[in-house]
Participant: 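Let me give you the structure first, and then I'll get to my questions.
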Amino acid sequence: MTAAYADDLMDYDEVLQRFEPVMGMEVHVELATETKMFSASSAHFGAEPNSNVDPCSLGLPGALPVVNRKGVEWAIKIGLALNCEIAESSRFARKNYFYPDQPKNYQISQYDEPIAHDGYLDVVLDDGTEFRVEIERAHMEEDTGKLTHLGGADGRIHGATRSLVDCNRAGIPLIEIVTKPIIGAGERAPEVARAYVSALRDLVKSLGVSDARMDQGSMRVDSNVSLRAVGQEEFGTRTETKNINSLKSVEQAVRYEMQRQAAAIVAGEEIVQETRHYQETDGTTSKGRPKESQSDYRYFNDPDLPPVLAPREWVEEIRATLPELPWVRRARIQSEWGLKDEEMRDLVNAGALDLIVETVEAGAGAAEARSWWVAYLAQKANEAGVELGELSISPAQVARVVALIGEGKLTNKLARQAVDGVLAGEGDVDEVVAARGLEVVRDDGAIEAAVDEALANNPDIVEKYRAGNKKVVGAIVGQVMKATRGKADPAQVNQLIAKKLA
Ligand code: ADP
Ligand code: MG
């Protein structure tokens with residue numbers, strides 16, 4: 001039994017004194033193609049179970065796969081963005097396995113002839129330094145269907161009494177991106193893992209080939225971790241942790257495995273090559289199944305599919321369509337906006353970059369756009385426990401608020417109320433301003449009347465002011481603001497008072 005050490009963790013600093021971590025990341029990205037990888041069924045998410053199916057995805061006898069050209073093109077695109085070599089000819093293989101959610105009982109994948117190989121991705125760590133992660137290969141395959149386990153706790157197979165099969169996902173194109181062993185990260189291994197997955201996610205999103213949502217499974221990460229004694233040449237035995245649903249969890253899963261394995265090794269336990277499951281609830285991993293070795297899958301070339309040819313002209317055509325890559329774009333924007341490294345990092349980490357860019361595109365100044373998203377709106381998102389991008393206000397609406405401030409129609413305070421109204425679903429910015437009566441009172445007559453009234457009601461203050469105590473004017477301004485229900489421009493009120501008392 002291995003349960004004896006399940007809860008034993010070694011102190012992180014001690015782990016690093018004794019061991020060096022080695023990692024390997026396997027990331028599956030679901031491509032957002034119209035149709036499946038080998039058949040014409042829709043590849044869209046969210047349809048009625050088993051409605052996006054066809055003889056191929058149901059594994060019916062005699063059904064023949066046809067390769068999705070877009071899927072190949074996008075695989076090449078990802079490969080190029082990862083600085084990989086693109087194979088002129090690659091091949092599909094059958095990975096044989098009992099898949100209750102893949103009726104063919106094999107998965108079409110690529111084995112010894114992947115479409116892309118030998119690349120790298122330079123990732124930026126929290127302190128701004130770069131770490132190069134080498135890519136072993138990026139290959140094409142198809143997704144399996146989805147099982148829903150019922151009767152047990154929280155949808156898990158454990159304790160379930162029955163399972164439902166949905167083949168909608170079976171056959172959706174997947175790209176699996178596998179790193180070479182990542183060594184030399186040392187104490188920053190968990191951070192490197194997170195930064196790598198984060199960079200990869202941004203990359204595929206910017207290529208427009210996947211929405212790469214870890215929470216919805218369109219991007220899935222398995223993290224392999226092993227330890228070797230400091231100074232030792234050979235790698236230790238790795239475990240492969242699955243079920244990782246967020247960037248934070250990637251980091252935690254690596255850290256946990258390092259601490260768990262170290263405690264086990266020191267206690268004389270042997271690390272076994274196995275899959276482990278990450279538990280979101282407490283940040284631990286638990287034992288899964290012993291890992292199959294490659295030979296268990298009895299890979300062989302799929303006789304139904306010819307080699308995939310990627311003529312150089314086509315590869316170059318695809319290369320020419322690569323967009324500005326996220327880190328290049330980020331560096332450009334940072335210098336355009338004149339931000340310090342940490343200001344830029346905070347804004348990126350807050351998920352505000354694209355929102356600010358869109359707000360600027362909608363006409364706002366960069367400084368104003370940035371200030372709204374990283375200050376007031378960030379606070380609102382925080383209060384509501386949602387991501388910035390999930391707030392029910394659009395960049396265009398924020399730009400409209402900024403414009404109204406610029407025109408002097410809203411003060412900052414009124415603008416925040418306008419934003420509150422939009423967030424509360426009261427309508428568009430101008431509708432909220434009209435409905436809540438927020439517009440700054442520009443009517444000099446109305447403000448002047450309010451000023452006159454406030455002065456008449458406070459002869460004592462006027463006297464003090466005339467005697468040289470200019471600070472008391474604040475009380476008058478306050479009364480005018482109150483009388484105009486906050487809609488007067490304080491600067492204008494101040495000027496009027498000064499003029500009248502001069
Ligand atoms: P599998 O099919 O078993 O998942 P892959 O080759 O697809 O194997 O992925 C294994 C990943 O683990 C790769 O990223 C590889 O670089 C990495 N890896 C290999 N050996 C080790 C090791 N001893 N420790 C940590 N990572 C490793
Ligand atoms: Mg693998």
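Start at 1 and go down the list; that is how both ligands and their atoms are numbered.
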Participant: Does an N or O anywhere in Glu26 fall below 3.5 Å from an N or O of ligand 1?
Facilitator: yes
Participant: Please could you name the atoms of ligand 1 that Val178 approaches to less than 4.0 Å, counting only its heavy atoms?
Facilitator: 9 (O), 13 (C), 14 (O)
Participant: Of all the atoms in ligand 1, which lie at a distance below 4.0 Å from a heavy atom belonging to Gly24?
Facilitator: 12 (O), 14 (O), 17 (C), 26 (N)
Participant: Quick one: do the Trp372 and Thr359 side chains pair a donor with an acceptor below 3.5 Å?
Facilitator: no
Participant: Quick one: closest heavy-atom pair of Ser57 and Gln102, and the distance?
Facilitator: O-OE1, 4.3 Å
Participant: Under 4.0 Å, heavy atoms only, figure out whether ligand 1 is touched by the backbone of Glu240, its side chain, both or neither.
Facilitator: side chain
Participant: N/O to N/O below 3.5 Å, does that happen between Gly236 and ligand 1?
Facilitator: yes
Participant: Is a donor from one side chain sitting under 3.5 angstrom from an acceptor on the other, for Glu136 and Thr179?
Facilitator: no
Participant: Going by heavy-atom distance to atom 6 (O) of ligand 1, choose the closest among Met25, Arg137, Lys242.
Facilitator: Arg137
Participant: Any chance the side chains of His139 and Glu141 put a donor and an acceptor closer than 3.5 Å?
Facilitator: yes
Participant: In terms of the angle between their ring planes, are Phe38 and Phe92 parallel, tilted or perpendicular, with boundaries placed at 30° and 60°?
Facilitator: perpendicular
Participant: Compute the shortest N/O to N/O distance between Pro181 and ligand 1 and return yes if it is under 3.5 Å, no if not.
Facilitator: yes
Participant: Identify which of Thr237, Thr179, Asn224 has a heavy atom lying nearest to atom 13 (C) of ligand 1.
Facilitator: Thr179
Participant: Closest approach of Met344 and Gln334, non-hydrogen atoms and distance?
Facilitator: CG-OE1, 3.6 Å
Participant: Any atoms of ligand 1 less than 4.0 Å from a non-hydrogen atom of Lys180? List them with their elements.
Facilitator: 16 (O)
Participant: Find the distance between CG (Asp211) and CZ (Arg201) and round it off to the nearest 0.5 Å.
Facilitator: 11.0 Å
